[in-house]
Amino acid sequence: MSQESPPGQRFHELADLLKAYAYNGFTFTDTIETPGPGLASYLRIAARDPVRAETAVRQIDDLLSVGLFSEEIADDVEGLSHISPPTGASVEDCLRIARDHLYRFLQDPSRVPQTNPQNAWEWNERFPELSQLLGAYFHRDFSYIYDSRDEALDEYASQSEPEELAQATQEITDLLTMVPSEEELHTATTALGLDLLPPQGTSLREWLELIRRRITVA
């Protein structure tokens with residue numbers, strides 16, 4: 001049994017796991033032998049931080065020991081993504097299969113190949129601070145809030161802690177290294193929440209490099 005947590009936080013990592021399923025059709029498609037797309041997506045992220053998978057296993061065990069429909073955890077499961085089980089199976093059955101895959105993964109996380117993110121959930125998990133920068137400051141309502149890209153960037157820099165700026169700087173570096181083409185970079189930044197074109201005459205890569213220089217902590 002997990003320690004008592006604030007409402008909605010008891011299954012925080014399980015919530016992230018279920019979001020990976022949500023981004024892949026809202027269905028459990030794992031078999032005993034093979035993870036489906038949702039779980040495979042989660043495992044690619046967890047390969048960078050296996051502690052997340054350990055936490056997910058504990059939280060699945062916690063949920064199953066109490067019972068999915070127990071009043072004790074009603075508030076905690078209310079906000080979890082609703083993922084549909086296949087015909088003839090229950091959600092609990094599916095969580096047990098996912099748990100077994102997670103347990104096997106933890107025996108050797110290096111077996112999961114490190115590839116570029118395959119969907120929006122993975123991009124946002126891989127680059128959380130860049131997602132905050134692009135999604136919260138350069139979104140579709142940008143023109144109603146800011147007079148210029150520089151104004152938005154100045155607000156982000158003034159409202160962020162030094163460690164957040166350092167993380168965003170590193171994530172931009174990692175993204176530019178990971179994604180070689182402008183087309184792939186557009187796909188990645190769109191997934192991260194960018195709804196704005198670069199300044200006229202500037203490529204997306206060049207604009208990200210300019211942003212990196214502007215927010216680099218001395």
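As the structure is a prediction and not an experimental result, all values here were calculated from the model. All values below were derived from every heavy atom in this structure, side-chain atoms included, with hydrogens, water molecules and symmetry-related copies excluded.
- A donor-acceptor distance shorter than 3.5 angstrom exists from the side chain of Arg205 to the backbone of Leu176, with no hydrogens or angles considered.
- Not a single donor-acceptor pair under 3.5 Å links the side chain of Ser160 to the backbone N or O of Ala157.
- With rounding to the nearest 0.5 Å, the separation of CG in Leu64 from CZ in Arg96 is 5.0 Å.
- Cluster annotation: Leu204 is connected to Leu153 through the hydrophobic network of ILVMFWY side chains, with a link wherever side-chain heavy atoms come within less than 4.5 Å.
- Under the 4.5 Å side-chain heavy-atom criterion for ILVMFWY residues, no single connected hydrophobic cluster contains both Ile60 and Ile97.
- For Leu197, the CG atom sits in a loose shell: 12 or fewer heavy atoms of surrounding residues, nucleotides or ligands are nearer than 6.0 Å.
- Here the CG atom belonging to Asn124 is positioned 11.0 Å from the CG atom belonging to Asp16, to the nearest 0.5 angstrom.
- Between Trp123 and Phe127, the ring planes are parallel. Angles under 30° get that label, and only those over 60° would be called perpendicular.
- Judged purely by atom type and a 3.5 angstrom limit, Thr177 uses its side chain to pair as donor or acceptor with the backbone of Thr173.
- Between the side chains of Glu151 and Ser148, no donor-acceptor pair of N or O atoms lies under 3.5 Å.
- Note: Ile172 CD1 to Thr189 OG1 = 11.0 Å, rounded to the nearest 0.5 Å.
- Looking only at distances, no side-chain donor or acceptor of Glu129 sits under 3.5 Å from a matching main-chain atom of Gln167.
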Intermediate values then yes/no, side chain to side chain contact (heavy atoms under 4.5 Å, CB included), Glu171 and Gln132
CA-CA 11 Å; Glu171 289 182 7; Gln132 169 65 16; over 6 Å; no
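- Using modelled atom types and a 3.5 Å distance limit, the side chains of Ser90 and Asp93 yield a donor-acceptor pair.
- Once rounded to the nearest 0.5 Å, the distance linking CG of Leu133 with CG of Leu194 reads 9.0 Å.
- Summarising the geometry, atom CZ belonging to Arg214 is positioned 11.5 Å from atom CG belonging to Leu165; distances are rounded to the nearest 0.5 Å.
- Cluster membership for Phe142 and Trp207, using ILVMFWY side-chain heavy atoms within less than 4.5 angstrom, is shared.
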Under 3.5 Å, sequence neighbours excluded: what are the donor-acceptor pairs made by side chains of residues 102-110?
from   : atom 1 : to     : atom 2 : distance (Å)
Arg104 : NH2    : Ile32  : O      : 3.0
Arg104 : NH2    : His101 : ND1    : 2.9
Gln107 : NE2    : Tyr103 : O      : 2.8
Asp108 : OD1    : Ser110 : N      : 3.3
Asp108 : OD1    : Ser110 : OG     : 2.5

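- Ile45 and Val51 end up in different hydrophobic clusters when Ile, Leu, Val, Met, Phe, Trp and Tyr side chains are linked at under 4.5 Å.
- In the hydrophobic cluster analysis, where Ile, Leu, Val, Met, Phe, Trp and Tyr join through side-chain heavy atoms closer than 4.5 angstrom, Phe11 is grouped together with Phe26.
- Judged by distance alone, the side chains of Asp30 and Tyr21 do bring a donor and an acceptor atom under 3.5 Å apart.
- At distances below 3.5 Å, at least one donor-acceptor pair connects side-chain atoms of Ser65 with backbone N or O atoms of Asp62.
- Between the side chains of Tyr42 and Glu13, at least one donor N or O lies within less than 3.5 Å of an accepting N or O.
- Atom CG of Leu80 is separated from atom CG of Leu68 by 8.5 Å, given to the nearest 0.5 angstrom.
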Verdict with supporting geometry, Asp75 and Arg10, salt bridge (Lys or Arg N to Asp or Glu O under 4.0 Å):
CA-CA 10 Å; Asp75 290 341; Arg10 181 167 175 171; over 6 Å; no
